[in-house]
Amino acid sequence: MQTTHPEDPTVGYPGISKLRDQMMIMDTAPKWPKKPRFRLKEPFLKEIVQAHFDKNPHAIDVNISSFSQFDALLNNFTLKYQGKPLNAICEDLGLNIKDNKGVVEKVMAKYFGSNEAKLKNVELFSKVGIIPKSITLSPNGKRTEDMKFDSVDFDEWTENETFEESAIFDYFSNHNFVFLIYEEAYKNAPLKKNKFIGFKRIMFDEDFVDRKIRDLWTTVRNLVVNNELKEEYIRLKKTGEIRYTPTTNVPMTRVNFPKSTENIAFLRGTGSDAAQKTEMVNGIRMYRQYFWLRGDFMVDLLDKIDYL
DNA sequence: AATTTTGATAGCGGAATGGA
DNA sequence: TCCATTCCGCTATCAAAATT
């Protein structure tokens with residue numbers, strides 16, 4: 001752009017917003033058409049502070065400073081293991097793993113040089129605000145599940161007055177997401193048989209965050225602030241009988257948070273079992289809540305992106 | 001150092017829904 | 001009407017953190 005308009009840097013501004021997902025340590029704000037300022041990405045600053053206090057003894061330094069290098073590292077993994085089932089990859093990496101749900105993450109952590117099970121212990125990821133997520137496609141490339149993200153801190157959610165100050169805004173706006181994409185060997189195949197397909201890296205579209213995530217934030221916030229949360233029994237539609245959970249034999253209940261039927265972004269609870277509902281909001285005891293995005297939306301979104 | 005609790009990841013499973 | 005898909009509260013598992 002400089003070569004065509006060296007005297008007028010503003011002509012390049014629209015392109016800067018488009019370059020956001022290429023920039024690892026810097027970011028620009030606000031976005032086009034407003035005049036951009038440069039700033040350090042917030043997760044990077046946090047990591048610098050953390051490193052100072054040596055909070056992260058397991059972190060390794062793979063010495064990567066740009067996304068093209070990062071992408072290349074992921075591409076090497078893809079070239080080696082594309083189409084291979086998870087158990088074969090484990091074997092090749094020297095990981096002795098039973099059929100458990102932690103494998104997906106453990107494999108990646110190992111590849112990035114950490115023997116820890118958690119990818120968040122890999123400094124590279126936290127340093128530059130990369131959030132890894134795995135997604136499994138059905139044999140015909142459709143969604144198998146919806147996607148769970150972070151848990152909800154209701155104090156934070158209601159304390160902040162504006163969406164732009166909220167944690168969920170920061171989560172979706174200021175982070176890169178790397179998706180580890182797997183495909184089922186056959187319908188409902190066990191996890192370790194799933195084939196590794198590849199990586200995709202995205203930043204969520206500003207417009208999507210501003211509409212869908214803002215909707216979720218506003219709706220949930222209003223429900224809690226206005227004390228409009230309600231819990232009700234789940235009843236069988238045919239007979240009207242109350243449903244009971246299979247393991248704890250407690251009545252199943254629902255809370256009137258946004259559901260996946262009405263919204264791409266919604267809340268869903270999680271916990272050890274129905275007898276252990278630890279969260280308390282508006283006097284209602286409930287599972288710890290997480291925000292989710294619909295699986296079909298995620299698959300559509302990723303379909304538009306190229307593999308690394 | 002051993003044990004318990006918490007919480008994060010990823011997915012299960014039974015009922016409702018929808019298409020052929 | 002049958003069967004596949006979707007919905008959504010619930011659950012298996014593991015490891016980190018807290019507690020003893």
Side-chain angles (χ1 to χ4, degrees), chain A residues 55-59 86 95-110 114-122 125-126 131-153 171 177-184 186-194 196 231-279 284-299:
Chain A
K55 283 269 173 63
N56 202 347
H58 302 298
L86 207 43
L95 285 171
N96 181 21
I97 286 176
K98 295 157 285 178
D99 186 13
N100 67 56
K101 294 184 177 185
V103 255
V104 175
E105 201 178 6
K106 217 163 189 171
V107 163
M108 285 316 301
K110 179 78 178 179
S114 169
N115 285 318
E116 299 299 308
K118 298 288 172 187
L119 274 180
K120 67 180 179 189
N121 287 337
V122 177
F125 284 86
S126 56
I131 295 172
K133 283 283 161 191
S134 60
I135 179 171
T136 303
L137 306 174
S138 66
N140 58 6
K142 298 295 184 185
R143 70 127 219 181
T144 56
E145 298 286 345
D146 298 326
M147 188 174 288
K148 181 158 69 180
F149 293 87
D150 257 8
S151 59
V152 174
D153 174 348
Y171 186 84
F177 291 79
V178 170
F179 293 96
L180 294 64
I181 300 171
Y182 291 84
E183 193 172 290
E184 288 182 323
Y186 49 87
K187 197 75 193 160
N188 300 322
L191 199 59
K192 63 180 176 183
K193 291 198 173 180
N194 291 347
F196 172 74
E231 182 186 34
E232 61 181 19
Y233 289 128
I234 294 175
R235 292 172 183 278
L236 297 183
K237 199 156 192 177
K238 282 187 175 175
T239 63
E241 286 175 277
I242 293 175
R243 261 185 91 178
Y244 290 86
T245 63
T247 55
T248 52
N249 206 35
V250 162
M252 284 192 187
T253 66
R254 66 160 62 86
V255 180
N256 59 334
F257 286 123
K259 307 293 185 202
S260 64
T261 13
E262 313 123 33
N263 303 282
I264 287 172
F266 58 97
L267 295 193
R268 184 181 300 168
T270 202
S272 56
D273 65 55
Q276 305 288 322
K277 299 188 175 180
T278 53
E279 193 82 50
I284 298 171
R285 199 161 281 292
M286 62 181 76
Y287 283 123
R288 170 169 275 264
Q289 300 293 311
Y290 289 74
F291 50 89
W292 294 63
L293 293 179
R294 287 177 58 104
D296 54 352
F297 166 78
M298 289 308 305
V299 170

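Here is how names work: the chains are called A, B, and so on, in the same order as the sequence lines, proteins then strands, and each is numbered from 1.
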* Structure fact -> The residue, A/Y290 or A/I135, whose nearest nucleotide of DNA chain B is more 5′ is A/Y290
* To do: Classify the nucleic acid contact of A/K259 as base, sugar-phosphate or nothing, counting any heavy atom under 4.0 Å across all strands shown.
  => sugar-phosphate
* **Nucleotide nearest A/K148 when distance is taken to its side chain, options C/dC10, B/dT9, C/dC7** => B/dT9
* Over all atoms of both residues, closest heavy-atom pair of A/F149 and A/F177 -> CE2-CE2, 3.9 Å
* To do: Please tell me which of A/E145 and A/F149 maps to the more 5' nucleotide of DNA chain B, matching each residue to the nucleotide holding its nearest heavy atom.
  => A/F149
* How close or far is atom C1' of C/dT6 from atom CE of A/M298, stated in whole angstroms? -> 18 Å
* Would you indicate what A/R268 reaches in the nucleic acid, counting non-hydrogen atoms under 4.0 angstrom: base, sugar-phosphate, or nothing? => base
* Report yes if at least one side-chain N or O of A/R143 is closer than 4.0 Å to OP1 or OP2 of C/dT5; otherwise report no. => no
* Using atom types as modelled and distance alone, determine if a side-chain donor or acceptor of A/T144 lies under 3.5 Å from a backbone N or O of A/T136. => yes
* Structure fact -> A/D153 atom CG is separated from B/dA8 atom P, nearest whole Å, by 11 Å
* How many Å lie between CZ on A/R285 and P on C/dG9, as a whole number? -> 18 Å
* Asked: Between A/N194 and A/Y182, is there a donor-acceptor pair closer than 3.5 Å when you use the side chain of the first and the backbone of the second?
  -> no
* Asked: Taking OP1 and OP2 of C/dG9, is either one under 4.0 Å from a side-chain nitrogen or oxygen of A/T253?
  -> no
* Spacing of A/W292 atom CH2 relative to C/dC8 atom P, expressed in whole Å -> 11 Å
* Structure fact -> Comparing A/P251 with A/D296, nearest DNA chain C nucleotide closer to 5' gives the residue A/D296
* Any side-chain donor paired with an acceptor under 3.5 Å for A/S138 and A/E184? -> no
* **A/E231 CD to C/dG9 P, straight-line distance once rounded to whole Å** => 11 Å
* To do: Sequence neighbours left out, what passes ring-ring contact (aromatic ring centres under 6.0 Å, His included) with A/F297? Give chain and number order.
  => A/F208
* To do: Would you confirm whether A/Q289, through its side chain, and A/Y287, through its main-chain N or O, come within 3.5 Å as a donor-acceptor pair?
  => yes
* Measure from CZ on A/R288 to P on B/dT5 and round the result to the nearest Å. => 17 Å
* Asked: What nucleotide, of B/dT9, C/dC8, B/dG14, holds the atom closest to the side chain of A/R243?
  -> B/dG14
* Can you check whether A/T270 has a side-chain N or O nearer than 4.0 Å to OP1 or OP2 of B/dG7? -> no
* To do: Test the A/K148-A/F291 pair against the cation-pi criterion, namely NZ or CZ under 6.0 angstrom from the six-membered ring centroid and within 45° of the ring axis.
  => no
* Asked: Is there a side-chain polar atom (N or O) of A/S134 under 4.0 Å from OP1 or OP2 of B/dA10?
  -> yes
* To do: For A/D296, enumerate each residue passing the salt bridge (Lys or Arg N to Asp or Glu O under 4.0 Å) test, keeping only those at least two apart in sequence or located in another chain.
  => A/R294
* Which is true for A/T136 with a 4.0 Å heavy-atom rule: it touches a base, it touches only sugar-phosphate, or it touches nothing? -> sugar-phosphate
* How long is the line joining CD of A/E279 and P of B/dT5, in whole Å? -> 19 Å
Any protein N or O atoms within reach of nucleotides 16-20 of chain B? Criterion: under 3.5 Å, listing atom names and distances.
residue : atom : partner : partner atom : Å
B/dA16  : OP1  : A/K237  : N            : 2.5
B/dT17  : OP1  : A/K237  : NZ           : 3.3
B/dT17  : OP2  : A/K237  : NZ           : 3.3

* Asked: When you check the phosphate oxygens OP1 and OP2 of C/dC7, does a side-chain N or O of A/T261 lie under 4.0 Å from one of them?
  -> no
* For A/Q289 and C/dC10, give me the distance from atom CD to atom P, rounded to whole Å. => 10 Å
